[in-house]
Peer 1: 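This is the structure, below, for whatever I ask next.
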Protein chains: 2
Amino acid sequence: MDAYRQKRLEARARILKAVGNASRLLILEELAQGEKCVADLTQEVGSDISTVSKHLSLLKAVGLVKDDKRGNQVFYTLLAPCVLNFFDCVESVLEARVQHQIEMIG
Amino acid sequence: MDAYRQKRLEARARILKAVGNASRLLILEELAQGEKCVADLTQEVGSDISTVSKHLSLLKAVGLVKDDKRGNQVFYTLLAPCVLNFFDCVESVLEARVQHQIEMIG
DNA sequence: CTCCTATTTGCAATATTGGCCAAATAGACA
DNA sequence: TGTCTATTTGGCCAATATTGCAAATAGGAG
């Protein structure tokens, strides 16, 4: 495999890995409704605020969200609405698997 | 957050996590062209065949691929063509980030 | 059955992740 | 300036993930 393909795969994997975590998935779902500050998201996620902050900085690093500092709060915005399509696809995979399991039983 | 939402997020995250790995991403790209056996995929990935086999069993466990044993070979097939849309979305995120960096420089 | 090939599984080493706590930073406001 | 609030960063630990090697398994051919 050539080095270019390798780099491209790694770049893609980095983004997908960022989405592949329950807490970050929740954050993305929340941000899909509109911008929110770290404290609000922390309320939803239920982890320590420092943990949520790190999740957000990872999402920002891969380009999925952007931040906007206003006063002493930081508001995060979803930059890639297409991640919502991810969710649909993933949902269909889940349903297909359930269907498959039903067939195995029956 | 209610327990149902938690479970749903974890199930989704499990699938997305499976995609968020360069080797598995390569495997999925290869399988998008049609079914392949473990040895063929190993050739592409460049890791040990046991490693590739483990990647495949993970992809199968989350329902993204299925396997079909024929003779002494095992052929894997992509079950969720919609993951290809992931790739488009991820690509657009990558491009947007590059664009953003250009703006920062300029 | 024996041998050969393809794949999977078990194990151990190493790397990465996710979490909390504590400390540092940044901004608002007196 | 000092204090309060919001967020980020650094350190650390436990849990999980990734990998390769070696051994086990499964199927085809002689």
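Source: prediction; values computed, not measured. Throughout, protein chains are lettered first and strands after them, A, B, ... in sequence-line order, and every chain is numbered starting at 1.
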Peer 1: Would you mind reading off the distance between Phe75(A) atom CZ and dT7(D) atom P, rounded to a whole angstrom?
Peer 2: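 Result: 8 Å.
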Peer 1: Rounded to whole Å, how long is the line connecting atom CG of Leu58(B) with atom C1' of dT16(D)?
Peer 2: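 Roughly 12 Å, once rounded to whole Å.
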Peer 1: Between Asp68(A) (CG) and dA26(C) (P), how many Å, whole number?
Peer 2: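 Atom-to-atom, Asp68(A) to dA26(C), this comes out as 17 Å.
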Peer 1: Taking all non-hydrogen atoms of both residues, which atom of Arg12(B) and which atom of Leu25(A) are closest, and how far apart?
Peer 2: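 It is CB-CD2, 3.6 Å.
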Peer 1: Could you check how far NZ of Lys69(B) sits from P of dG28(D), rounded to whole Å?
Peer 2: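 Checked: the NZ to P distance equals 10 Å.
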Peer 1: Let me spell it out: for each of Cys37(B) and Thr51(A), pick the nucleotide of DNA chain C with the closest heavy atom. Which residue's pick is nearer the 5' end?
Peer 2: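 It is Cys37(B) whose nearest nucleotide is closer to the 5' end.
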Peer 1: For DNA chain C, find the residues of residues 16-25 of chain B with a heavy-atom distance under 4.0 Å and give them by number; none if there aren't any.
Peer 2: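 None - not one residue of the stretch has a heavy atom sitting under 4.0 Å from the strand.
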Peer 1: Hey, any chance Leu16(B) and Val62(A) share a hydrophobic cluster, counting ILVMFWY side chains that come within less than 4.5 Å of each other, even indirectly?
Peer 2: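 As far as the 4.5 Å side-chain criterion goes, Val62(A) and Leu16(B) are connected within one cluster.
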Peer 1: When the distance from CG of Leu59(A) to C1' of dG18(C) is rounded to whole Å, what number comes out?
Peer 2: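 Rounded to whole Å, this separation is 14 Å.
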Peer 1: Return no unless some side-chain N or O of His55(B) is found under 4.0 Å from OP1 or OP2 of dA17(D).
Peer 2: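 No, outside the criterion.
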Peer 1: What nucleotide, of dT8(C), dT19(D), dG19(C), holds the atom closest to the side chain of Ile49(B)?
Peer 2: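 Of dT8(C), dT19(D), dG19(C), dT8(C) is nearest to the side chain of Ile49(B).
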Peer 1: Rounded to the nearest 0.5 Å, how far does OG1 of Thr51(B) lie from CG of Leu56(B)?
Peer 2: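 If I round to the nearest 0.5 Å, the distance is 11.0 Å.
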Peer 1: Of all the heavy-atom pairs spanning Leu26(B) and Glu44(B), show the shortest one and how long it is.
Peer 2: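 The pair with the smallest heavy-atom distance is CD2-O, 3.6 Å.
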Peer 1: So does Gln43(A) have more than 12 non-hydrogen atoms from other groups sitting under 6.0 Å from CD?
Peer 2: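 Counting other residues, nucleotides and ligands, CD of Gln43(A) stays at 12 neighbours or fewer.
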Peer 1: The side chain of Ser53(A) lies closest to which of these nucleotides: dG19(C), dA26(C), dT7(D)?
Peer 2: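 Comparing dG19(C), dA26(C), dT7(D) against the side chain of Ser53(A), the answer is dT7(D).
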Peer 1: With a 3.5 Å cut-off and no angle check, do the side chains of Gln6(B) and Glu10(B) form a donor-acceptor pair?
Peer 2: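 Distance-only check passes for Gln6(B) and Glu10(B).
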Peer 1: From the options dT8(D), dT8(C), dT5(C), select the nucleotide whose nearest atom is closest to the side chain of Asn72(B).
Peer 2: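 Shortest atom-to-atom distance from the side chain points to dT5(C).
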Peer 1: Which nucleotide in the list dT8(C), dT7(D), dT8(D) gets nearest to the side chain of Tyr76(A)?
Peer 2: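 Side chain of Tyr76(A) sits closest to dT8(D).
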Peer 1: Taking the side chain from Thr42(A) and the backbone from Val38(A), do they hold a donor-acceptor pair closer than 3.5 Å?
Peer 2: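 Checking the backbone N and O of Val38(A) against the side chain of Thr42(A), a donor-acceptor pair under 3.5 Å is found.
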Peer 1: Please report, rounded to the nearest Å, how far the P atom of dT18(D) is from the NZ atom of Lys54(B).
Peer 2: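 Result: 12 Å.
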Peer 1: Closest approach to the side chain of Ser47(B), judged atom by atom: which nucleotide of dG20(D), dT7(D), dC21(C) is it?
Peer 2: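 Among the listed nucleotides, the one closest to the side chain of Ser47(B) is dG20(D).
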Peer 1: Rounded to whole Å, how long is the line connecting atom CD of Gln73(B) with atom P of dA29(D)?
Peer 2: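 Rounded to whole Å, this separation is 12 Å.
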Peer 1: Look at the side chain of Ser50(A) and decide which nucleotide, out of dT8(D), dT7(D), dT19(D), has an atom nearest to it.
Peer 2: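 Looking only at side-chain atoms, Ser50(A) lies closest to dT8(D).
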Peer 1: What's the NZ-C1' distance between Lys60(B) and dT8(C), to the nearest Å?
Peer 2: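 So the NZ-C1' distance, Lys60(B) to dT8(C), works out to 11 Å.
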